[in-house]
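Numbers restart at 1 for each chain; the letters A, B, ... are given by sequence-line order, proteins then strands.
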Amino acid sequence: MNDENTRENEGTKIPVSFIEQIIIDDLKEGRNNGRIHTRFPPEPNGYLHIGHAKAICLDFGMAEKYGGKCNLRFDDTNPVKEEIEYIDSIREDIHWLGFDWEDREYFASDYFGKLYDFAIDLINRGLAYVDDQPSDLIAQQKGSPTQPGIESPFRNRPPDENLDLFRRMNEGEFDEGSRVLRAKIDMKNPNMHMRDPIIYRIIKAPHHRTGNKWKVYPMYDFAHGQCDFFEGITHSLCTLEFEVHRPLYDWFTDKLMTSSYRPRQIEFNRLNLTYTVLSKRKLLELVREGKVRGWDDPRMPTLCGLRRRGYTPEAIKRFIEMIGYTKFEAINDISLLEHAVREDLNMRAPRVFGVLKPLKVIITNYPEEKTEEVTIINNPEDESMGSRNIPFSRELYIERDDFMEDPPNKFFRLAPDREVRLKGAFIIKCESYRKNETTGIIEEVYCTYDPDTRSGANNSQKKVKGTLHWVSVRHAIDAEVRIYDRLFNHEDPTGQKDDYHKFLNSDSLQILKGCKLEPSLRSARPLDRFQFQRLGYFCVDYDSSEDNPVFNQTVSLRDSWSKMRK
RNA sequence: UGCUCCGUGGUGUAAUUGGCAACACGUCUGACUCUGGAUCAGAAAAGUCCAGGUUCGAGCCCUGGCGGAGCAACCA
């Protein structure tokens, strides 16, 4: 019974969204000849973030699932705001997510000629006019949501005059802002967007693709639906704030239609995430103000930031699948995103040993010059990932947090007279330790090991409560590890009276130097992902080099011990 | 004093033609464990914004409230 209305995902039912239901129904009714064709229309004025991923997954996902196509279309109708540098990153991010538009890469600017002709057509039909008034006057006449607008004195200009003026606007004869072309609809319409919207304005800045060819540029409302129409789009999916634009979308489409084909705009809720901001403007501010190190700072919710942080496309897609598409403006808990990466990385990330805050342990009864190899399983979740050997010797590093002089009962790690297992190796017992009396810092811990407890040995069945990760001092490689926390310390930093800057988390980046990693990590390459055993998931940063390996923490492991201490 | 959209556990989503409000995250137990991870078992947690109405029966349909969001860029 569920086959039609749900789909399977690893045993979990993913409900069909209202949009998917509409698509199913449209297909069933044979609308637009039973075709589905979507588009993803980014404006090239910033980097894509996870909110865009939500749109991308819908646009490409629906087309893929129902045998249709999805175009990539750069919405470049405003030459002063858009930059070519963003275009490559947008392409790269969509591909990284695993979607492809084949040869269907378009630009709104591809249609400037057709749009211009359509404007001429509207003028000829008495449906558009040139208004000579300044912008503040036009705005004033528009009225307000509660007040109807009044008509422009130029509204009934004859078509010939409009035609002449519009052509001269495009020839650069008039200054920017001196004249606009408006659709003649209804100044009293309760929907502000229908009150003779401006459809063309004069901009003299060169366009990144069309250069100086045009002096007039179409507004969003005059471009988007028409581009959809030109491309044969059937379902134009966008976010909720465009809901009130839909009547305009339909108005223009009506004027364009020559057959039963018609594109349809459907709106869904945009993505909001706790403890972060998802507006291009604010993200740009964070970059410009140096609050982060760039668009791809691993704390950024941008796709390039998440990628650098170690997120997988699969985790992002899974997250998006879980939150769904509705018409309710929701705020999604970031812990759901974190859950999605953990779930994914748990299956695929090899386990390695890395000590972030090293404390030296000396095994006093282990021969000074000896080194032996112990075998470690690469991933207990996936046997096919095999195993590797790592060196064990007399002097080791363990995590500083894994030792306490005077521990509480529930502390299962190393402490005076207590025993723990060194994972993959031996059980050791703490005999004594050396402490710097002036600083209070523990400098070395002295232990003995039991040679009979080697992992895998028949007589190694002795039970201990704790297992620690470790790295051999002589073989360790030094690394820098960057630990990230949420960028903001308020769930909803932009929904408050105070400016969102006030909620920036000053501890969102912690740089740890002198971390000690197992030697196999020397060959790791940027973006390689690992689980540092008992700590979390980490990936190699672009800044990494042979001499100075750098790792980013993607997300910590669930940590019931630290939870217990609170 | 307008128009449009939206109100289901803490959070996000389900609930087919009106039929015992379900799933996930999070939280809390317990089991297991050479990762205090993972896994497994279980628990707490909403009676569906409110008030009426229709109906044998309403989260779903109707009416009226209340609450939230969007809309007054020559931005998209």
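Residue A:R195 is classed as having no contact, given no heavy-atom separation below 4.0 Å to the nucleic acid. Among the protein residues, A:P247 comes within range of no part of the nucleic acid, since none of its heavy atoms lies under 4.0 Å from any strand. A:E243 comes within 4.0 angstrom of sugar-phosphate atoms only, judged by non-hydrogen atoms across all strands, and of no base. Nucleic acid contact class of A:E267 (heavy atoms, under 4.0 Å, all strands): none. When heavy atoms are screened at a 4.0 angstrom cut-off, A:G424 is found touching base atoms of the nucleic acid. Within the 4.0 angstrom heavy-atom criterion, no nucleotide atom of any strand lies near A:K280.
A:K282 forms a cation-pi arrangement with A:Y500, by the criterion of a distance under 6.0 Å to the ring centre and an angle within 45° of the ring axis.
Separating the CZ atom of A:R270 from the C1' atom of B:C6 is a distance of 16 Å, rounded to the nearest angstrom. Here the C1' atom of nucleotide B:G37 and the CZ atom of A:R421 are 18 Å apart, to the nearest Å. Between A:R246 atom CZ and B:C3 atom C1' there is a gap of 13 Å when expressed in whole angstrom units. Counting to the nearest Å, the P atom of B:C3 and the CE atom of A:M187 are 18 Å from each other. Atom NZ in A:K563 sits roughly 11 Å away from atom C1' in B:G36 (whole-Å rounding). For the pair A:K423 NZ and B:G37 P, the computed distance is 13 Å after rounding to whole Å. Protein atom CG of A:D401 is 13 Å distant from nucleotide atom P of B:G36, rounded to whole Å. Atoms CD (A:E338) and P (B:U27) sit 11 Å apart, rounded to a whole Å.
Helical stems involving RNA chain B, defined as 3 or more consecutive Watson-Crick or G-U pairs under 3.5 Å, span B:2-7 with B:66-71, B:10-13 with B:22-25, B:27-31 with B:39-43, B:49-53 with B:61-65.
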With the sugar-phosphate defined as primed atoms, P, OP1 and OP2, and the base as all remaining atoms, what B/S/- string results for nucleotides 71-76 of chain B, 5' to 3', for protein heavy atoms under 4.0 Å? SB-BBB
Counting primed atoms plus P, OP1 and OP2 as sugar-phosphate and everything else as base, spell out the protein contacts along nucleotides 38-49 of chain B at 4.0 Å heavy-atom distance: B, S or - for each nucleotide, 5' to 3'. S-----------
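Listed by chain and number, the residues in a salt bridge (charged side-chain N to carboxylate O under 4.0 Å, His left out) with A:R418 amount to none (sequence neighbours excluded). Residues satisfying the salt bridge (charged side-chain N to carboxylate O under 4.0 Å, His left out) test with A:D196, not counting sequence neighbours, are A:R155.
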Which atom pairs link the protein and nucleotides 7-14 of chain B when you take only N or O atoms and keep those under 3.5 Å?
residue: B:U11; atom: O3'; partner: A:I331; partner atom: O; Å: 3.4
residue: B:U11; atom: O2'; partner: A:I331; partner atom: O; Å: 3.4
residue: B:G12; atom: OP1; partner: A:I331; partner atom: N; Å: 3.4
residue: B:G12; atom: O2'; partner: A:I323; partner atom: O; Å: 3.2
residue: B:G12; atom: O2'; partner: A:N332; partner atom: OD1; Å: 3.2
residue: B:U13; atom: OP1; partner: A:N269; partner atom: ND2; Å: 3.2
residue: B:U13; atom: OP1; partner: A:T326; partner atom: OG1; Å: 3.2

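At a cut-off of 3.5 Å, with distance as the only test, no side-chain donor of A:R351 or A:H469 sits close to an acceptor on the other residue. Residues A:Y111 and A:E231 have side chains that bring a donor and an acceptor to within less than 3.5 angstrom of each other.
Glycosidic conformation of B:G47 is syn; the angle stays within 90° of 0.
When the C1' atom is compared between B:U13 and B:U8, the two are found 10 Å apart, to the nearest whole Å. Rounded to whole Å, the separation between the P atoms of B:G26 and B:G7 comes to 26 Å.
When each of A:R168, A:R182, A:R179 is tested with A:D132 by the rule salt bridge (charged side-chain N to carboxylate O under 4.0 Å, His left out), just one qualifies, namely A:R179.
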